[in-house]
Amino acid sequence: MRAIVLGIGNTILSDEAAGVRAAEAFERAYNVPDNVQVIDGGTSGMEMIEDLADADLLIVLDVVKSGAAPGTLVRIAGNEIPVFFRRKLSPHQIGLPDVLASLELLGTMPGEIIVHGVEPLSLELGMEMTEPVARSVPRLAELTAMELSAHGYQVEPAAVRRA
């Protein structure tokens, strides 16, 4: 089993950094097993194809425009995924749908895709996330660990050391 945790976003557009920061927070807070790869996708596109090919599970961390209150966490999975990619819920969504379409054409699509997102307040130029979104980043990291555990990956808090 191989899982990918993909944090995407632009770190100079305030809340747009949430996916990347959540992936970083996940790596700091948890012992990541060898069969889980954490990728800072930033605003990458087609260069991610090789990394994502044939993964059993892909967890995407991102900002998601759902119309909810800023800082609200959103989970998109299963049949909702194609709908997610039809509507532009994330400002930089050009790259990921193209990557996934290419993986599908190549027959190397991840077995399951789950998007964990947070509703942004501001996508203005700036290095700091807004308070409601910054508060949600640790929770995104926690949800990532819970999702991986639910799928059979052994994820432990970093305070727990492996024997």
Side-chain angles (χ1 to χ4, degrees), residues 1-44 48 51-52 55-78 80-81 84-85 87-93 95-96 99-100 110-163:
M1 290 189 343
R2 183 172 77 91
I4 306 289
V5 175
L6 176 64
I8 54 178
N10 190 330
T11 58
I12 64 167
L13 296 178
S14 55
D15 291 345
E16 174 73 5
V20 171
R21 299 299 179 232
E24 293 169 350
F26 170 71
E27 277 192 299
R28 282 190 309 271
Y30 295 91
N31 292 323
V32 180
D34 292 339
N35 60 344
V36 175
Q37 182 181 6
V38 181
I39 298 174
D40 175 347
T43 56
S44 299
M48 292 188 295
D51 290 326
L52 304 182
D56 296 293
L57 175 64
L58 171 61
I59 299 175
V60 178
L61 305 176
D62 198 359
V63 294
V64 174
K65 289 186 175 185
S66 65
T72 301
L73 299 176
V74 178
R75 182 184 188 273
I76 302 167
E80 299 169 320
I81 292 288
F84 169 73
F85 288 116
R87 294 187 345 207
K88 189 170 176 156
L89 297 177
S90 172
H92 56 264
Q93 218 178 61
L96 191 58
V99 170
L100 295 177
E112 184 175 359
I113 302 170
I114 298 167
V115 176
H116 280 286
V118 60
E119 180 74 34
L121 175 62
S122 171
L123 300 175
E124 298 294 319
L125 190 61
M127 299 297 286
E128 300 293 323
M129 290 180 287
T130 62
E131 195 265 330
V133 173
R135 259 195 342 254
S136 297
V137 166
R139 182 71 179 135
L140 276 177
E142 182 182 347
L143 290 173
T144 301
M146 292 169 58
E147 196 78 61
L148 287 165
S149 293
H151 283 81
Y153 296 88
Q154 299 203 355
V155 178
E156 301 171 333
V160 176
R161 295 289 165 219
R162 296 181 197 161

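Side-chain atoms are counted along with the backbone in the values below, which use heavy atoms only and exclude waters and symmetry mates. What you are looking at is a predicted structure, and each value in this text was computed from that prediction instead of being measured.
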Going from [atom1] on [X] to [atom2] on [Y], what distance comes out if it is rounded to the nearest 0.5 angstrom?
X    : Y    : atom1 : atom2 : result
I76  : I113 : CD1   : CD1   : 11.5 Å
I59  : L143 : CD1   : CG    : 10.0 Å
M129 : L13  : CE    : CG    : 12.5 Å
H116 : L61  : NE2   : CG    : 7.5 Å
L121 : D15  : CG    : CG    : 6.0 Å
E156 : S149 : CD    : OG    : 9.0 Å

Worksheet item: Can a donor-acceptor pair be found between the side chains of S14 and E124 at a distance below 3.5 Å?
Response: no

Worksheet item: Going through the distances and angles, do I114 and L58 end up as a side chain to side chain contact (heavy atoms under 4.5 Å, CB included)?
Response: CA-CA 6 Å; I114 298 167; L58 171 61; over 6 Å; no

Item to complete: Kindly indicate, with the supporting measurements, whether the criterion side chain to side chain contact (heavy atoms under 4.5 Å, CB included) is fulfilled by E112 and H151.
Response: CA-CA 10 Å; E112 184 175 359; H151 283 81; 3.0 Å; yes

Between [X] and [Y], which heavy-atom pair has the shortest distance, and what is it?
X    : Y    : result
V133 : P120 : CG2-CA, 3.9 Å
A18  : V63  : CB-CG1, 3.9 Å
T11  : A17  : CA-CB, 3.6 Å
V74  : S66  : CG2-OG, 3.7 Å
V155 : A145 : CG1-CB, 3.8 Å
A3   : L148 : CB-CD2, 3.7 Å

Which atom pairs, one a donor and one an acceptor, fall under 3.5 Å between side chains of residues 19-26 and the rest of the protein, sequence neighbours left out?
residue	atom	partner	partner atom	Å
R21	NH1	E24	OE1	3.2
R21	NH1	E24	OE2	3.1

Discussion item. Working note: L57 + Y153, criterion side chain to side chain contact (heavy atoms under 4.5 Å, CB included); need CA distance, chi angles, decisive distance, verdict.
Written reply: CA-CA 10 Å; L57 175 64; Y153 296 88; 4.0 Å; yes

Discussion item. Tell me if a side-chain donor or acceptor on D56 pairs with a main-chain N or O of R2 at a distance below 3.5 Å.
Written reply: yes

Practice prompt. Just do the side chain to side chain contact (heavy atoms under 4.5 Å, CB included) check on V32 and V5 with the steps written out, would you?
Written response: CA-CA 10 Å; V32 180; V5 175; over 6 Å; no

Worksheet item: Who pairs with R135 by side chain to side chain donor-acceptor pair (under 3.5 Å), at least two apart in sequence or on another chain?
Response: E131

